[in-house]
Novice: 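I am attaching a structure below and will ask some questions about it afterwards.
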Amino acid sequence: MTRRIDDAIGMGRTELAQTEPASAATSWHTAVERAVQQMRENLSDPQYLTDHARAGLFSPFHFHRVFRNVTAATPGRFLAALRIAEAQRLLIRSPLRVTDIAARVGYSSLSTFTTQFARLVGLSPRQFRAMAIEFGDRPLAALAARAPAAPSGHDEVPVLVDGADDGILFVGLFHHGIPQGAPVSCAVRSTPGPVRLRRPRDGEYHVLAVCFDPDVRIAESLDHRHDCRVVAAGSITVPGGRPCHLRLRRPRPTDPPVVLALPLLG
DNA sequence: CCATTCCGGAATGTACCTTT
DNA sequence: AAAGGTACATTCCGGAATGG
């Protein structure tokens with residue numbers, strides 16, 4: 001049986017990616033990295049779980065599990081994130097129509113593309129392009145300066161992020177391990193110290209932090225070409241529990257791209 | 001004309017269980 | 001412990017309808 005894996009994003013793992021591969025899992029990592037490379041090089045083609053699994057000498061069932069352990073995303077959702085990320089770049093940097101971009105990144109159905117894009121990014125393709133054109137040239141730092149004052153007292157959730165003192169830091173709370181759609185709560189800041197998020201209703205949330213150089217413009221932060229971005233991920237329980245403490249690191253090839261338009265949604 | 005939304009059929013993801 | 005397999009609920013694809 002041949003299985004298509006081009007579906008949408010939205011996994012259910014605690015972290016964006018495992019911190020380090022276990023020593024026994026080195027071959028897993030190699031197989032997954034090879035599969036990710038294949039996905040990146042063949043975005044516009046139909047891709048099948050069984051082909052990636054066979055290339056790594058795994059059964060489709062086991063490959064699916066291994067892939068998720070390494071990347072924290074399922075193969076299909078990882079591929080969808082890659083495709084939407086490329087679509088974002090084309091929407092910003094090319095004059096192509098949405099219809100043509102959908103085909104170019106591997107969607108045979110425009111409706112599927114539009115639906116996926118809106119759910120993952122938080123804006124429809126046309127809205128995304130319009131906002132990128134309108135705000136793209138503005139520096140990200142301006143967003144940080146415009147951000148509302150941090151709440152205080154019992155209505156806040158503090159998040160500590162190491163290594164972000166000299167950058168523009170976005171932090172969001174999400175229901176799922178991969179960020180999609182509007183965050184439950186989010187904040188942007190450009191000064192050292194903890195980030196204070198508006199407290200959501202009680203529950204367990206996943207935290208994503210993305211940091212950019214202070215001189216980056218909004219469009220550059222959205223088109224997946226800026227190589228200075230760093231990420232961190234974790235989880236937090238509301239109420240109580242320990243404060244969320246994250247450490248920024250460089251993105252790895254096996255990290256799913258962050259396609260959520262946080263700078264435009266904030 | 002281009003983009004978005006709706007909806008039914010089909011593929012996928014997940015939670016187990018079994019085998020090696 | 002790692003790998004393979006199954007069942008079934010969930011999610012997605014893509015054509016049709018609708019909107020701007």
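Only this structure's heavy atoms are used, side chains among them; waters, hydrogens and symmetry mates stay out. Order of the sequence lines fixes the chain letters, A, B, ..., with proteins taken first and strands second; residue numbering starts at 1 for each chain.
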Novice: Please check the phosphate of C:dC12 (OP1 and OP2 only) for any side-chain N or O of A:T115 closer than 4.0 Å.
Specialist: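 A:T115 to C:dC12 OP1/OP2: no side-chain N or O under 4.0 Å.
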Novice: Within less than 4.0 Å of OP1 or OP2 of C:dC13, is there a side-chain N or O belonging to A:Q116?
Specialist: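 Answer is yes, contact under 4.0 Å.
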Novice: Would you indicate what A:T112 reaches in the nucleic acid, counting non-hydrogen atoms under 4.0 angstrom: base, sugar-phosphate, or nothing?
Specialist: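 Base contact.
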Novice: Is A:E86 salt-bridged to A:R89, going by a charged N under 4.0 Å from an acidic O?
Specialist: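 Yes, charged N to carboxylate O under 4.0 Å.
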Novice: Under a single-linkage definition using a 4.5 Å side-chain heavy-atom cutoff for Ile, Leu, Val, Met, Phe, Trp and Tyr, are A:L96 and A:F128 assigned to the same hydrophobic cluster?
Specialist: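 Yes, A:L96 and A:F128 fall within the same hydrophobic cluster.
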Novice: Would you say the side chain of A:S109 and the base of C:dG15 hold a donor-acceptor pair, judged only by whether the two atoms sit under 3.5 Å apart?
Specialist: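 Check fails, no donor-acceptor contact within cut-off.
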Novice: Rounded to the Å, how far apart are A:L123 CG and B:dA3 P?
Specialist: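 Value for this atom pair: 16 Å.
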Novice: Quick one: pull up CE in A:M131 and CD1 in A:I133 and give me the separation to the nearest 0.5 Å.
Specialist: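 A:M131 atom CE to A:I133 atom CD1 measures 12.0 Å (nearest 0.5 Å).
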Novice: Rounded off to whole Å, could you give me the CD-to-P distance for the A:Q127 and B:dT5 pair?
Specialist: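 In whole Å, B:dT5 P lies 8 Å from A:Q127 CD.
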Novice: When you check the phosphate oxygens OP1 and OP2 of B:dA3, does a side-chain N or O of A:R129 lie under 4.0 Å from one of them?
Specialist: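 So the side-chain polar atoms of A:R129 never come under 4.0 Å of the phosphate oxygens OP1 or OP2 of B:dA3.
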Novice: Given atom CG of A:L96 and atom P of B:dA3, what is their separation to the nearest angstrom?
Specialist: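 Taking CG of A:L96 and P of B:dA3, I get 11 Å after rounding.
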Novice: Looking only at the side chains, is there a donor atom on one of A:E33 and A:Q37 sitting less than 3.5 Å from an acceptor on the other?
Specialist: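 Short answer, no.
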Novice: Any idea which of B:dA3, C:dT11, C:dA16 is nearest the A:R77 side chain?
Specialist: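 Minimum distance to the A:R77 side chain belongs to C:dT11.
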Novice: How close or far is atom C1' of C:dT11 from atom CZ of A:F78, stated in whole angstroms?
Specialist: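 Going from A:F78 (CZ) to C:dT11 (C1'), I get 20 Å.
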Novice: Nearest whole Å is fine: how far is B:dC1 P from A:D100 CG?
Specialist: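 For the pair A:D100 CG and B:dC1 P, the rounded distance is 15 Å.
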Novice: By nearest atom, which of the nucleotides B:dT5, B:dT4, C:dC13 is closest to the A:Y107 side chain?
Specialist: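 Comparing B:dT5, B:dT4, C:dC13 against the side chain of A:Y107, the answer is C:dC13.
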Novice: Atom CZ of A:R119 to atom P of B:dT4: distance rounded to whole Å?
Specialist: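 A:R119 atom CZ is separated from B:dT4 atom P by 16 Å.
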Novice: Quick one: label A:S124 by what it contacts on the DNA or RNA (base, sugar-phosphate, nothing), any heavy atom closer than 4.0 Å.
Specialist: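 Sugar-phosphate contact only - A:S124 comes under 4.0 Å of backbone atoms but never of a base.
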Novice: Are the side chains of A:I84 and A:Y107 in touch, meaning some heavy atoms are under 4.5 Å apart?
Specialist: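 Of all side-chain heavy-atom pairs linking A:Y107 with A:I84, at least one is under 4.5 Å.
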Novice: Tell me the interatomic distance from A:L110, atom CG, to B:dT5, atom C1', rounded to whole angstroms.
Specialist: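 Spelled out: CG on A:L110 to C1' on B:dT5 is 11 Å.
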Novice: Rounded to the nearest Å, what distance is computed from the CG atom of residue A:L79 to the C1' atom of nucleotide C:dC13?
Specialist: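 Those two atoms, CG and C1', are 14 Å apart.
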Novice: Counting only side-chain N and O atoms of A:R97, is one of them less than 4.0 Å from OP1 or OP2 of B:dC2?
Specialist: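 Yes, such a contact exists.
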